[in-house]
Trainee: 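Let me begin by handing over the structure; questions about it come next.
Both backbone and side-chain heavy atoms feed into the values below; hydrogens, waters and symmetry mates do not.
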Amino acid sequence: MNINQTIADELGVKEWQVTAAINLIDEGNTIPFIARYRKPVTGELNDEQLRTLDERLKYLRNLEEKKATVIASIEEQEKMTPELLKKIEEATTIVAVDDIYRPYRPKRKTRATEAKAKGLEPLAMIFMLQKSNKSPEEEAEAFVDAEKGVEDVSQAIQGAKDIIAEIVSDNAEYRDAIRNTVMKHGEIRSVAKDEEAESPYENYYDYIESVGKIPGHRILAINRGEKEKFLKVSVEMPDDNIIKVLEKAVIVGDSPFKQLIQEAVEDGYTRLIKPAIEREIRNTLTERAEDGAIVVFGKNLKQLLMQPPIADKVVLGWDPAFRTGCKLAIVDATGKVLYTKVIFPTAPQNKIEESKKIVLDLVKKYGIELISLGNGTASRESEAVIVDIIKECPTKLEYVIVNEAGASVYSASKLATEEFPNFDVGQRSATSMARRLQDPLAELVKIEPKALGVGQYQHDMNQKKLEGALSNVVEDCVNSVGVDLNTASAALLEYISGINKTLAKNIVLYREENGSFATRKELLKVAKLGPKAFEQCAGFLKIRDGKEALDYTSVHPESYDAAKKLLKKYGFTSEDILNSKVALKNLVKDVKAVAEEIGTDAITLRDIIAELEKPGRDPRDEMPKPVLKSDVLDFDDLKEGMELKGTVRNVIDFGAFIDIGVHQDGLVHISEMSDKYIKHPIEVVSIGDVVNVRVIGVDKAKKRIQLSMKNCN
């Protein structure tokens with residue numbers, strides 16, 4: 001297999017682009033580095049293409065290794081033929097290679113292996129060839145041998161049938177055909193183990209749907225119902241049709257062995273093939289569902305992490321609770337914690353007036369402009385108090401409700417303990433509430449991605465695959481934004497290209513011992529950070545007030561000479577970069593000629609120009625801003641037909657959950673998202689989007705809100 005060409009065809013790009021990318025990956029370059037700084041080499045493959053390429057490269061290399069192992073095993077058995085070798089070499093999946101290898105794989109003890117040990121394989125071959133005019137009993141007579149454990153003719157025939165059943169079961173072409181038939185015509189069926197039991201899976205107590213059409217979220221729901229012992233799940237197959245097709249493939253004419261072979265074929269299908277195919281189909285559906293869910297989870301996570309920061313404001317983080325009180329943390333514009341406090345405005349203490357006075361005094365003392373309120377227990381009651389505080393506050397004060405998913409995980413983590421050794425979990429959580437509003441990316445990277453509440457069925461998935469995919473998303477987001485080398489935490493730094501946990505800690509340690517980095521080159525003084533790591537990370541680490549103005553841009557140090565020649569050519573200085581006075585776009589008329597003159601290429605030159613014109617630019621600035629509030633909406637205020645603004649909190653296969661400010665997210669079903677047909681909600685909305693919605697249903701008993709995005713102003 002030409003792996004490079006195969007991947008190129010799948011991605012719809014040139015083979016040379018794939019070859020270049022693979023060479024860079026094999027040399028130890030990271031995907032973010034290749035995507036950003038090796039565009040000329042790969043023909044501008046983006047990070048998404050490179051991630052897919054990397055994934056397929058690993059799979060196809062594993063496939064080639066599998067083929068080599070299988071070929072070696074069959075050759076060792078001296079059973080290789082040119083036809084068999086061709087089949088193996090042309091196989092495009094590991095499943096196909098497994099199917100081909102099945103007859104040659106050393107088997108554990110089976111009925112067929114036992115029959116072969118008794119010397120009955122030649123008899124099975126006589127039956128399979130169907131050329132003898134003798135009856136089965138006459139042919140079997142010669143194989144009766146008490147010493148081998150074949151007591152009579154019937155035992156000999158049964159042993160031969162067991163061998164035939166396994167031969168049919170091991171046939172790769174039959175298995176592939178059956179698999180395809182079941183994918184087209186099979187059905188997934190789920191029934192209740194106890195019809196009277198109450199559970200979230202009641203919709204699936206007597207449910208059937210086509211294998212080829214069942215959506216991923218229903219597969220994952222059924223799987224969970226089965227795991228929790230509410231459901232019994234099976235794959236319904238067109239058994240009679242499959243058996244007839246198998247018989248037609250195996251039986252030749254009208255020989256004396258026809259009935260015997262029919263029985264062996266039916267046994268091979270029912271006992272061996274069907275259970276295996278059912279497992280494979282369910283595994284395939286689950287894997288497909290997981291892959292789809294992981295893609296959606298990844299897109300949701302990216303939107304969550306790329307929410308724009310609210311900079312230059314003193315924020316009060318408010319972690320609501322009842323009995324233990326509401327924990328407050330005041331955080332300055334740089335994220336430094338200035339003060340923490342516990343107040344008791346909620347039941348059972350209900351010290352509302354006392355709490356309001358404390359907060360108003362804090363607002364005045366610290367110049368608080370924003371309150372970041374977690375959406376957990378007692379959030380609704382806290383919001384009512386906050387609205388009263390805002391009404392009484394002489395200065396401008398607003399609040400935002402933030403999703404506190406993962407805050408408890410972070411607060412009790414080793415990382416939080418190291419960061420705030422003298423804080424309790426409540427103080428840490430309140431601090432996280434404030435910081436995840438100030439800079440969502442910097443704060444949320446401290447939390448395990450699957451704990452952030454933006455996926456579905458994440459705990460039921462292949463955890464290794466999920467964690468790998470989500471880690472890639474976080475890595476791409478962090479490198480897309482870049483980080484301040486002198487303020488970034490170790491938790492943030494470890495996602496930067498070329499930096500691992502050890503190097504991240506070493507960078508922070510170097511800062512603590514030597515003060516702020518003055519230049520990017522100083523990174524080479526950090527323990528264990530060598531030239532290769534420097535090459536990979538330098539462009540993503542920015543220094544705001546250093547000795548070199550280019551260190552505040554995403555221009556890579558390897559391009560500094562070219563950048564400086566460009567600035568000189570058009571009369572700009574380093575100070576112009578920091579003052580955002582560089583304007584090159586309209587001055588550089590012939591990009592190719594200028595690139596050659598300053599010693600770079602056209603693609604890199606365009607990137608240099610963009611960076612010099614907007615130093616320290618943040619791609620998050622283009623994302624929807626959080627909705628700042630000063631008043632409250634109660635669940636009881638909701639009426640059908642009411643139009644509201646809301647923020648998308650989560651996107652799943654069948655819709656999206658929208659925060660409309662009543663502490664109970666409303667659901668916009670996929671059918672209520674657009675007048676046009678859409679395959680998935682992600683086509684219409686993303687996490688963080690501010691959308692107009694209309695209330696179309698309110699169930700106060702179940703606290704459910706149905707929303708529509710259709711025909712909203």
Side-chain angles (χ1 to χ4, degrees), residues 29-30 32-47 306 308-309 311-312 439 441 476-488 496-498 516-524 534-623:
N29 296 287
T30 69
F33 176 79
I34 298 169
R36 176 76 73 89
Y37 297 113
R38 291 297 178 263
K39 292 178 186 177
V41 182
T42 68
E44 297 188 88
L45 292 179
N46 61 38
D47 54 1
M306 295 296 281
D312 304 321
D439 191 340
L441 180 61
D476 287 341
C477 289
V478 172
N479 287 283
S480 170
V481 172
V483 304
D484 187 321
L485 178 56
N486 286 318
T487 61
I496 287 292
S497 166
S516 297
F517 285 88
T519 66
R520 280 171 168 166
K521 282 184 180 178
E522 202 178 334
L523 277 164
L524 289 165
F534 178 81
E535 177 193 50
Q536 299 297 302
C537 74
F540 303 103
L541 298 169
K542 298 175 185 177
I543 300 174
R544 187 180 292 270
D545 299 308
K547 293 180 179 177
E548 171 58 73
L550 289 170
D551 285 349
Y552 185 48
T553 73
S554 291
V555 175
H556 196 281
E558 67 189 10
S559 295
Y560 279 10
D561 286 347
K564 287 174 180 177
K565 287 177 184 175
L566 180 68
L567 289 168
K568 187 177 180 182
K569 177 178 172 66
Y570 292 99
F572 293 105
T573 65
S574 294
E575 288 71 31
D576 291 331
I577 299 174
L578 299 176
N579 296 323
S580 298
K581 290 183 177 179
V582 175
L584 289 162
K585 205 175 208 177
N586 297 325
L587 296 177
V588 181
K589 304 295 184 185
D590 189 337
V591 175
K592 191 175 179 183
V594 173
E596 285 181 9
E597 183 183 336
I598 64 173
T600 188
D601 57 87
I603 294 171
T604 303
L605 175 57
R606 280 195 290 267
D607 283 351
I608 290 172
I609 291 170
E611 291 299 331
L612 294 177
E613 290 191 336
K614 289 187 178 180
R617 67 195 175 107
D618 192 330
R620 294 175 295 176
D621 293 339
E622 299 164 14
M623 306 294 281

Trainee: Name all pairs fulfilling the side chain to side chain donor-acceptor pair (under 3.5 Å) condition that reach into residues 539-550, sequence neighbours left out, sorted by first residue then second.
Mentor: R544-Y552, E548-K564
Trainee: Could you tell me the separation between the NZ atom of K565 and the OG atom of S559, rounded to the nearest 0.5 Å?
Mentor: 11.5 Å
Trainee: Do the side chain of N29 and the main chain of I34 share a donor and acceptor less than 3.5 angstrom apart?
Mentor: no
Trainee: Taking side chain to side chain contact (heavy atoms under 4.5 Å, CB included) as the definition, give me every residue that meets it alongside E575, ordered by chain and number, with sequence neighbours left out.
Mentor: T573, N579
Trainee: I'd like to check the side-chain hydrogen bond (donor to acceptor under 3.5 Å, both in side chains) partners of D476; sequence neighbours left out, ordered by chain and number.
Mentor: R51
Trainee: Who pairs with Y37 by ring pair (Phe, Tyr, Trp, His ring centres under 6.0 Å), at least two apart in sequence or on another chain?
Mentor: F33, F540, H556
Trainee: Quick one: OH on Y560 to NZ on K521, what's the gap to the nearest 0.5 Å?
Mentor: 9.0 Å
Trainee: Is the shortest heavy-atom distance from the side chain of L485 to the side chain of L523 under 4.5 Å?
Mentor: yes
Trainee: Just grab all the salt bridge (charged side-chain N to carboxylate O under 4.0 Å, His left out) pairs involving residues 600-616, residues at least two apart or on different chains.
Mentor: K39-D607, E611-R617
Trainee: Between atom CG of L584 and atom CG of L612, what is the distance when rounded to the nearest 0.5 Å?
Mentor: 6.0 Å
Trainee: Considering non-hydrogen atoms only, spot the tightest contact between P619 and M306 and give its length.
Mentor: CG-CE, 4.0 Å
Trainee: Suppose we screen for side-chain hydrogen bond (donor to acceptor under 3.5 Å, both in side chains). Which residues come up paired with R36, at least two apart in sequence or across chains?
Mentor: S554
Trainee: Taking all non-hydrogen atoms of both residues, which atom of I577 and which atom of P615 are closest, and how far apart?
Mentor: O-CG, 3.1 Å
Trainee: Do you know the tightest heavy-atom contact between R520 and L550?
Mentor: NH1-O, 3.6 Å
Trainee: Can you see which heavy atom on D439 is nearest to which on P309, and at what distance?
Mentor: CA-CB, 4.0 Å
Trainee: Only counting residues at least two apart or in another chain, list the ones meeting salt bridge (Lys or Arg N to Asp or Glu O under 4.0 Å) with D576.
Mentor: none
Trainee: Please tabulate, one pair per line, all N/O donor-acceptor pairs under 3.5 Å involving side-chain atoms of residues 585-595, not counting sequence neighbours.
Mentor:
from : atom 1 : to   : atom 2 : distance (Å)
K589 : NZ     : N586 : O      : 2.9
D590 : OD1    : K592 : N      : 3.4
D590 : OD1    : A593 : N      : 3.1

Trainee: With respect to V582, which candidate in L567, I609, L566, T553 satisfies the side-chain contact (heavy atoms from CB on, under 4.5 Å) definition?
Mentor: L567
Trainee: For a 4.5 angstrom cut-off between non-hydrogen side-chain atoms, does T30 reach N479?
Mentor: no
Trainee: Partners of P308 by side chain to side chain contact (heavy atoms under 4.5 Å, CB included), sequence neighbours excluded?
Mentor: M623, K625, P626
Trainee: Partners of E558 by salt bridge (Lys or Arg N to Asp or Glu O under 4.0 Å), sequence neighbours excluded?
Mentor: R38
Trainee: Side chain to side chain contact (heavy atoms under 4.5 Å, CB included) with V483: which residues, sequence neighbours excluded?
Mentor: V478, A488, L492, L493, I496, L541
Trainee: Under the rule for salt bridge (Lys or Arg N to Asp or Glu O under 4.0 Å), what residues qualify as partners of D561, not counting sequence neighbours?
Mentor: none
Trainee: So, for I603 and P40, which heavy atoms are closest and what is the spacing to 0.1 Å?
Mentor: CD1-CA, 3.9 Å
Trainee: Roughly how far apart are T487 OG1 and I543 CD1, rounded to 0.5 Å?
Mentor: 11.0 Å
Trainee: Looking at N486 and F517, would you say the former's side chain and the latter's main chain have a donor-acceptor pair under 3.5 Å?
Mentor: yes
Trainee: Shortest non-hydrogen contact from C537 to S497?
Mentor: CB-O, 3.0 Å
